[in-house]
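A, B, ... follow the sequence lines: proteins, then strands. Residue 1 opens every chain.
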Amino acid sequence: VSTITQTDQAAAGSAPRGLAGRRGLGDRSFQWLALGCGLLVLVILVLIAVTTTQQASSWFTTEGWGIFGTVWDPAKNQFGAMPFIYGTIVTGIIALVMAVPVSIGIALLLTEVVPFRLARPIVYVVDLLAVVPSVVWGLWGILVFAPWIQHIYAHIASAVTGVPVLGFFFGTPTSGASFFTAGIILAFMITPIVTSLSREVIATVPAVDREGAYALGATRWEMIRGVVWPHSQGGVVGAVLLGLGRAMGETIAAALVIGSSPTITSRLFSTGYNMPAVIANQFGEASGVFRAGLMGLGVLLFAFTIIINVVARAIVERSARRSRGA
Amino acid sequence: MQRSRVQRFAAAGLALVAVTSFTAACSSNNNGGSGGSGSGASGRLNGSGSTFQLTFQQQAIQNFKSVEPNLTVNYGGGGSGKGRTDLSSNVVQFAGSDSPIPSDEVSSFHGKTVLYFPVIMGPITMSYNLSGIKNLKLTPQLISQIFQAKITKWDDPAIKAVNPGVNLPSTPITLAVRSDSSGTTENFTLFLEKSAGSAWHLGSSSTVSWPSGAHAGNGNGGVAQIVKSTPGAIGYVDYADAKASGLSFASVKNKDGNFVAPSPSSASAAGKTVTVAPNLTFAAVWQSGATAYPITYQSWVLVYEHQSSASTAKNLKAYIGYLLGDGQKLLPSLGYAELPSNIDSKAKAQLSKIAS
C-alpha cells in the first residue's frame with residue numbers, strides 16, 4: 001500500500017494544477033474500489049470459515065478428540081476423520097512422487113534444453129492438461145483408466161505377495177478404484193501447475209552464472225546441478241507444495257476414482273477415501289451430527305490447505321527475494 | 001457501422017419479444033380452451049431433495065404445465081437431507097424426502113408443523129450379474145450374509161439350498177454399493193434390519209460401513225454400471241435404473257414366505273397392508289401380504305402447514321394435488337409404483353390443511 005501512495009503523490013505533484021483535483025478524485029476512488037475488492041475476498045473467506053465452523057460445532061462438541069478417531073460409520077454414530085485424513089495424505093504423496101520428477105524434467109527441458117521457439121508449443125500442451133475439467137478426469141479415470149489398470153494391479157499384487165516391504169504396500173486386495181488410481185489422476189492434474197511454477201523459478205537463474213559454469217568447463221548436467229538447482233531449490237519446493245495443496249483439495253475426480261471406502265490400510269491398491277470426496281459423496285442425505293461432521297471435515301481441509309499454501313508462498317517469496325539479491 | 005449494428009440488435013430483440021409474446025398468447029389460449037381444469041394458480045414453486053423422486057418430479061412438472069400454464073414449478077435433486085435443509089431455511093417451498101425428519105433435525109424447523117404427503121413408492125431390486133441365470137431367489141438372511149461378506153462365493157451351500165436345480169458358478173461375489181449417501185441405502189438397510197434382525201450388524205443409515213472390497217458407485221446408475229460390468233456382482237439398484245440398464249434381478253422372499261419379483265404392482269401391494277401413522281409417515285419395507293415385494297420404499301413431499309402467503313398455499317395445493325391425482329398415472333411407465341388407494345385418499349384429504 002505504501003508504494004502506491006508514494007507514486008500517487010508523485011503523480012499528483014508533477015501534474016498541472018488545474019487537473020490535479022479531478023485526477024485526485026479519480027485516483028482516490030479507484031484506490032478505495034481496489035481496496036474494497038481486496039477486502040471483499042478476505043471478508044468472504046472469513047465468513048466461510050466462521051459459518052462452516054459454526055455448522056460443524058456439534059461435531060466438535062460431541063466427539064471432542066474423537067474427531068480424529070479411526071472409524072467413520074454414520075449408521076452407528078461414529079464420526080472419526082482419520083481415514084479421510086490418511087487418504088488425503090496418501091493420495092497427495094502418490095501424486096507428488098509421480099508428478100514432481102516429471103514436472104521438473106519438463107521445466108528443465110523448456111528452460112535448458114530446447115530453444116525458446118520450440119518451448120512455446122510444449123508449454124501450450126502442458127497447460128492444456130490444466131484446462132481439462134476435473135469431472136472429465138474423474139469420468140475418464142473410472143470408465144477407462146480404472147478397468148484397464150485393475151489388471152496391472154492384480155499382476156503386481158500376485159507378484160509381490162509374500163515379499164516383505166513390497167507386499168506390505170502393493171499386496172492384495174486390489175481394486176481399479178483405489179488410493180493409487182486416485183494418486184495417478186491427481187498427478188496428471190497437478191503436473192501443469194508444478195511445471196509452470198518450476199519453469200518460472202528456473203528461468204530466474206542469471207545467465208551470467210550459467211555462462212560462468214560453462215566457462216569453467218562444466219557440462220550441461222554439471223551446470224544444472226551446480227548452478228540451476230541450488231539457485232531454484234526453494235522455489236521448486238514451493239511449487240511442489242502448491243501442487244500438493246491442489247491435490248488435497250481436488251474433489252470430483254478423487255470422489256469418482258478413490259473407491260469410497262473409509263479404511264486405513266497400507267495397501268495402496270485397495271479402496272480408500274479422502275476428505276473432499278467424502279464431503280461430496282455423503283452430504284446429500286446427511287443430517288445432525290453426521291452433517292456437522294462433514295462440515296467439520298471441510299473446516300479441517302480448509303485449515304490444512306491454508307497452512308500448506310501459506311508455507312509454499314513463503315518459500316517461493318523467500319527464494320525469489322534471495323535470487324533477486326544474488 | 002457501430003450504430004447500424006446496434007439498430008440491427010434492437011430490431012432482432014423486438015422481433016424476438018413479439019414472437020415470444022405471440023406464442024405465449026397462443027399457447028395460453030389453447031390451454032384455456034382445451035384444459036380448463038386450471039384453478040388459476042400462478043407464480044413459481046421451488047422444491048429440492050430426494051433424487052429418488054427426481055425423474056417423477058421432472059415428468060410431472062412437464063405435464064403439469066398443460067394443467068396450470070401460469071404456475072412454474074422447479075425441482076432440483078441434491079438428496080433428501082439437502083431438501084429438508086432447504087425447506088427449513090426457506091430456500092424452497094417443498095422438499096422431497098425418502099425418510100421422515102430425523103429426531104436430531106427437528107429443531108431446525110423451529111416448531112413449525114410440517115405436513116407429509118406420500119407421493120411415490122418403488123421397489124429396490126437385488127440386481128446381479130451371473131450369465132445364464134435368470135431367476136435367482138434370495139431370502140433376507142442370504143442377502144444380509146452376502147452384504148456382510150459372510151457368504152463370498154455364488155456356489156455357497158446356503159444359496160444353493162434356496163435355488164435347487166440352478167447351476168451356480170464358483171465365481172466370487174462382488175458387492176456393488178452406493179458411494180454417495182442415499183435414501184436407497186437407508187431403506188435397503190432398514191429392510192435388512194427388520195427382516196434379518198440380529199443377524200444384521202451394519203445398522204441402518206443413508207451411509208453404511210460396507211465390508212472392504214465392496215465396489216462403490218455414484219447414484220443408482222453408478223451401482224447399475226458396476227453390476228453390469230462385473231461378473232459375479234450383486235447390488236441394490238432401484239427398479240427404474242435396473243430396468244434401464246437391462247440387469248437381471250432376484251425374487252426376494254417376503255414376510256408371508258413367498259418369493260416375489262420386484263415390479264410396480266408388487267411394490268404397490270406392499271403399500272396396501274402398511275400401517276400409516278396419523279401424520280402419514282410409514283415404512284413400506286418388510287410388509288405382509290402374499291404378493292408384496294419386501295424391499296419397497298417410499299418418498300414424501302414435505303411442506304409447512306402454515307404458508308406465508310395465500311397464493312403459495314394455493315399453488316402448493318394445486319401441484320401436490322396433481323402429484324396425488326393424475327400424476328400417479330405417470331409412475332408405472334417410469335418404473336415406480338402408484339400409491340395404493342388407501343394411502344392416496346388420506347394424502348388427498350390432508351391437502352386442505354395447507355393454509356396461510
Side-chain angles (χ1 to χ4, degrees), chain A residues 55 58-59 62 70-80 83 135 138-139 142-144 146-147 150 172-178 252 254-265 267 269-273 277-295, chain B residues 48-52 77-85 88 97-108 172 174-175 177-187 189-190 192-193 200-219 222 225-226 229-230:
Chain A
Q55 300 228 20
S58 69
W59 182 51
T62 51
T70 56
V71 178
W72 178 272
D73 188 352
K76 306 212 170 104
N77 279 317
Q78 287 177 298
F79 301 103
V135 65
L139 286 176
I142 196 64
L143 296 177
V144 181
Q150 191 162 9
T172 48
T174 65
S175 165
S178 63
I252 287 301
L256 285 166
V257 298
I258 200 164
S260 305
S261 163
T263 39
I264 298 177
T265 165
R267 319 279 188 198
F269 293 158
S270 78
T271 54
Y273 232 142
V278 71
I279 300 172
N281 274 337
Q282 302 192 349
F283 200 76
E285 299 283 334
S287 69
V289 181
F290 183 13
R291 190 167 180 280
L294 293 173
M295 280 283 188
Chain B
S48 68
S50 163
T51 47
F52 173 49
S80 307
K82 180 178 181 295
R84 293 191 300 263
T85 311
S88 68
S97 179
D98 300 345
S99 54
I101 298 170
S103 55
D104 55 1
E105 226 178 82
V106 170
S107 62
S108 65
T174 303
L175 299 179
V177 300
R178 292 285 287 264
S179 64
D180 49 336
S181 64
S182 159
T184 317
T185 307
E186 184 158 8
N187 282 284
T189 49
L190 183 67
L192 289 169
E193 204 171 57
W200 178 248
H201 301 296
L202 301 184
S204 162
S205 169
S206 61
T207 303
V208 171
S209 186
W210 298 111
S212 65
H215 288 216
N218 195 293
Q225 165 71 24
I226 293 171
S229 61
T230 318

>> Using the rule given for side chain to side chain contact (heavy atoms under 4.5 Å, CB included), can you reason through A:E285 versus A:F290, listing the C-alpha separation, both sets of side-chain angles and the distance that settles it, and then say yes or no?
In response: CA-CA 9 Å; A:E285 299 283 334; A:F290 183 13; 6.0 Å; no
>> Checking B:W210 against B:L202 for the side chain to side chain contact (heavy atoms under 4.5 Å, CB included) test, could you report, in this order, the C-alpha distance in whole Å, the side-chain angles of both residues, the deciding distance, and whether it holds?
In response: CA-CA 8 Å; B:W210 298 111; B:L202 301 184; 3.9 Å; yes
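Applying the salt bridge (charged side-chain N to carboxylate O under 4.0 Å, His left out) rule to B:E105 yields the partners B:R84; only residues at least two apart in sequence or on another chain are considered. For A:W59, the ring pair (Phe, Tyr, Trp, His ring centres under 6.0 Å) criterion is met by no residue, not counting sequence neighbours.
Contact annotation for A:V289: only backbone heavy atoms (N, CA, C, O) come within less than 4.5 Å of a heavy atom of chain B. For A:A286, the part sitting under 4.5 Å from any heavy atom of chain B is the backbone (N, CA, C, O) and nothing else. With a threshold of 4.5 angstrom between heavy atoms, B:T185 does not approach chain A through any atom at all. When heavy atoms are compared at a cutoff of 4.5 Å, B:S80 approaches chain A by way of both its backbone and its side chain. For chain B, no part of A:I142 is nearby; none of its heavy atoms comes within less than 4.5 Å. Heavy-atom distances place the side chain of A:S175, and not its backbone, under 4.5 Å from chain B. Interface remark: A:F283 contributes backbone atoms only to the contact with chain B (heavy atom separation under 4.5 Å).
Scanning both residues, A:S270 and A:S178, for their nearest heavy atoms gives O-CB, 3.3 Å. Between A:A277 and A:A255 the shortest heavy-atom distance is CB-CA, 3.5 Å.
The candidate with the highest count of non-hydrogen atom pairs below 4.5 Å against chain A, out of B:G183, B:G213, B:S212, is B:G183. Of the listed residues (B:G203, B:S206, B:S103, B:G217), the greatest number of heavy-atom pairs within a distance under 4.5 Å of chain A belongs to B:S206. The candidate from A:T265, A:T263, A:N281 with the greatest count of non-hydrogen atom pairs under 4.5 Å with chain B is A:N281. Counting heavy-atom pairs closer than 4.5 Å to chain A, the top-ranked of the candidates B:D98, B:T85, B:N218, B:T51 is B:T85.
Of the options B:T189, B:L192, B:V177, a side chain to side chain contact (heavy atoms under 4.5 Å, CB included) to B:V208 is made by B:T189 and by none of the others.
Using cut-offs of 30° and 60° for the angle between ring planes, the A:F79 and A:W72 rings count as perpendicular.
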